[in-house]
Peer 1: 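Would you mind keeping the following structure in view while I ask a few things?
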Amino acid sequence: QLVLVESGGGLVQPGGSLKLSCTASGDTLDYYAVIAWFRQAPGKEREGISGISNSDGKTFYSDSVRGRFTISREYAKPTVILQMNSLKPEDTAVYYCAADHGFNVDMIFSERHYHYWGQGTQVTVSS
């Protein structure tokens with residue numbers, strides 16, 4: 001059973017950067033076709049923001065983070081990284097990683113696509 005654990009969240013000033021990690025255990029991350037990052041701000045629905053295809057390394061970003069966030073795999077480790085730059089107060093949320101054996105590109109930012117979820121890490125962007 002795949003277990004995902006997010007880390008790296010915290011408090012950062014606007015314009016700053018954070019690096020989130022999603023570390024897998026219990027199974028090999030290579031067996032999962034897609035790994036994605038979601039976030040949920042208070043009072044809002046969970047939003048898919050970035051994903052990476054394990055087969056070809058193709059990356060996907062929502063309009064809200066494109067150009068500021070970068071997703072990557074650390075193949076020597078069972079880890080997916082979300083590098084977040086130029087952070088804004090509206091990026092404040094709990095950030096989750098998710099994974100699934102299948103991959104439907106049309107549903108990459110849909111919660112329904114994913115069977116495996118981490119517990120989340122809080123990111124707060126504030127001065």
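Below, each value reflects all heavy atoms present in this structure, side chains not excepted, and no hydrogens, waters or symmetry copies.
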Peer 1: Judged by atom type as modelled, is there a donor-acceptor pair below 3.5 Å linking the side chain of T28 to the main-chain atoms of D30?
Peer 2: no

Peer 1: Would V123 and R39 count as a side-chain contact (heavy atoms from CB on, under 4.5 Å) here? Give the steps.
Peer 2: CA-CA 9 Å; V123 171; R39 67 184 182 186; over 6 Å; no

Peer 1: Using a 4.5 Å cut-off on heavy atoms from C-beta on, say whether the side chain of E111 contacts that of F38.
Peer 2: yes

Peer 1: Show your reasoning for whether side chain to side chain donor-acceptor pair (under 3.5 Å) applies to S62 and S64.
Peer 2: CA-CA 5 Å; S62 67; S64 59; 2.8 Å; yes

Peer 1: List the atom of S127, the atom of P14, and the distance in Å for their closest heavy-atom pair.
Peer 2: N-CD, 3.7 Å

Peer 1: Look only at the side chain of D100 and the backbone of H115, and say whether a donor-acceptor pair between them is shorter than 3.5 Å.
Peer 2: yes

Peer 1: Judged by atom type as modelled, is there a donor-acceptor pair below 3.5 Å linking the side chain of E6 to the main-chain atoms of C97?
Peer 2: yes

Peer 1: Are I35 and I49 joined in one hydrophobic group, where the rule is that I, L, V, M, F, W and Y side chains link up if heavy atoms are under 4.5 Å apart?
Peer 2: yes

Peer 1: Do H113 and V34 make a side-chain contact, defined as non-hydrogen atoms from C-beta onward lying under 4.5 Å apart?
Peer 2: yes

Peer 1: Enter the distance from K19:NZ to M84:CE here, rounded to the nearest 0.5 Å.
Peer 2: 12.0 Å

Peer 1: Can I71 be reached from F69 by stepping across I, L, V, M, F, W or Y side chains whose heavy atoms are under 4.5 Å apart?
Peer 2: yes

Peer 1: With a 4.5 Å cut-off on side-chain heavy atoms, are N54 and R73 touching?
Peer 2: yes

Peer 1: So which heavy atom on L4 is nearest to which on A99, and how close?
Peer 2: CD1-N, 3.9 Å

Peer 1: Between T124 and S126, does the side chain to side chain donor-acceptor pair (under 3.5 Å) criterion hold? Intermediate values first, please.
Peer 2: CA-CA 6 Å; T124 302; S126 175; over 6 Å; no

Peer 1: Mind checking the CH2-CG spacing from W37 to L20? Nearest 0.5 Å is all I need.
Peer 2: 4.5 Å

Peer 1: Once you round to the nearest 0.5 Å, how far does OG of S86 lie from CZ of R68?
Peer 2: 7.0 Å

Peer 1: Answer with yes or no whether the hydrophobic clustering places L82 together with V12; edges join I, L, V, M, F, W, Y residues whose side-chain heavy atoms lie under 4.5 Å apart.
Peer 2: yes

Peer 1: Check G57 against I52 and note the closest heavy-atom contact, atom names and distance.
Peer 2: O-CG1, 3.9 Å

Peer 1: Can you tell me if E45 has over 12 outside heavy atoms packed within less than 6.0 Å of its CD?
Peer 2: no

Peer 1: Going through the distances and angles, do I81 and E74 end up as a side-chain contact (heavy atoms from CB on, under 4.5 Å)?
Peer 2: CA-CA 7 Å; I81 300 296; E74 290 192 346; 3.8 Å; yes

Peer 1: Please, which pairs that meet ring pair (Phe, Tyr, Trp, His ring centres under 6.0 Å) have at least one residue in residues 11-36, sequence neighbours excluded?
Peer 2: Y32-H101, Y32-Y116

Peer 1: Got V5 and Q119 here, is their nearest side-chain heavy-atom distance under 4.5 Å?
Peer 2: yes

Peer 1: At what distance, to the nearest 0.5 angstrom, does CG of L2 lie from CG of L29?
Peer 2: 6.5 Å

Peer 1: For the pair K88 and D91, find out whether any cationic side-chain nitrogen is under 4.0 Å from an anionic carboxylate oxygen.
Peer 2: no

Peer 1: Find out whether T92 and Q122 are in side-chain contact, i.e. whether some heavy atom of one side chain is under 4.5 Å from a heavy atom of the other.
Peer 2: yes

Peer 1: Are F109 and Y95 joined in one hydrophobic group, where the rule is that I, L, V, M, F, W and Y side chains link up if heavy atoms are under 4.5 Å apart?
Peer 2: no

Peer 1: Write out all pairs satisfying ring pair (Phe, Tyr, Trp, His ring centres under 6.0 Å) with one or both partners inside residues 45-64, taking only residues at least two apart or from two chains.
Peer 2: F60-F103

Peer 1: Counting C-beta onward and ignoring hydrogens, is there a side-chain heavy-atom pair between S25 and P78 closer than 4.5 Å?
Peer 2: no

Peer 1: Could you see if I108 belongs to whatever hydrophobic cluster contains Y96? Use Ile, Leu, Val, Met, Phe, Trp, Tyr and a side-chain cutoff under 4.5 Å.
Peer 2: yes

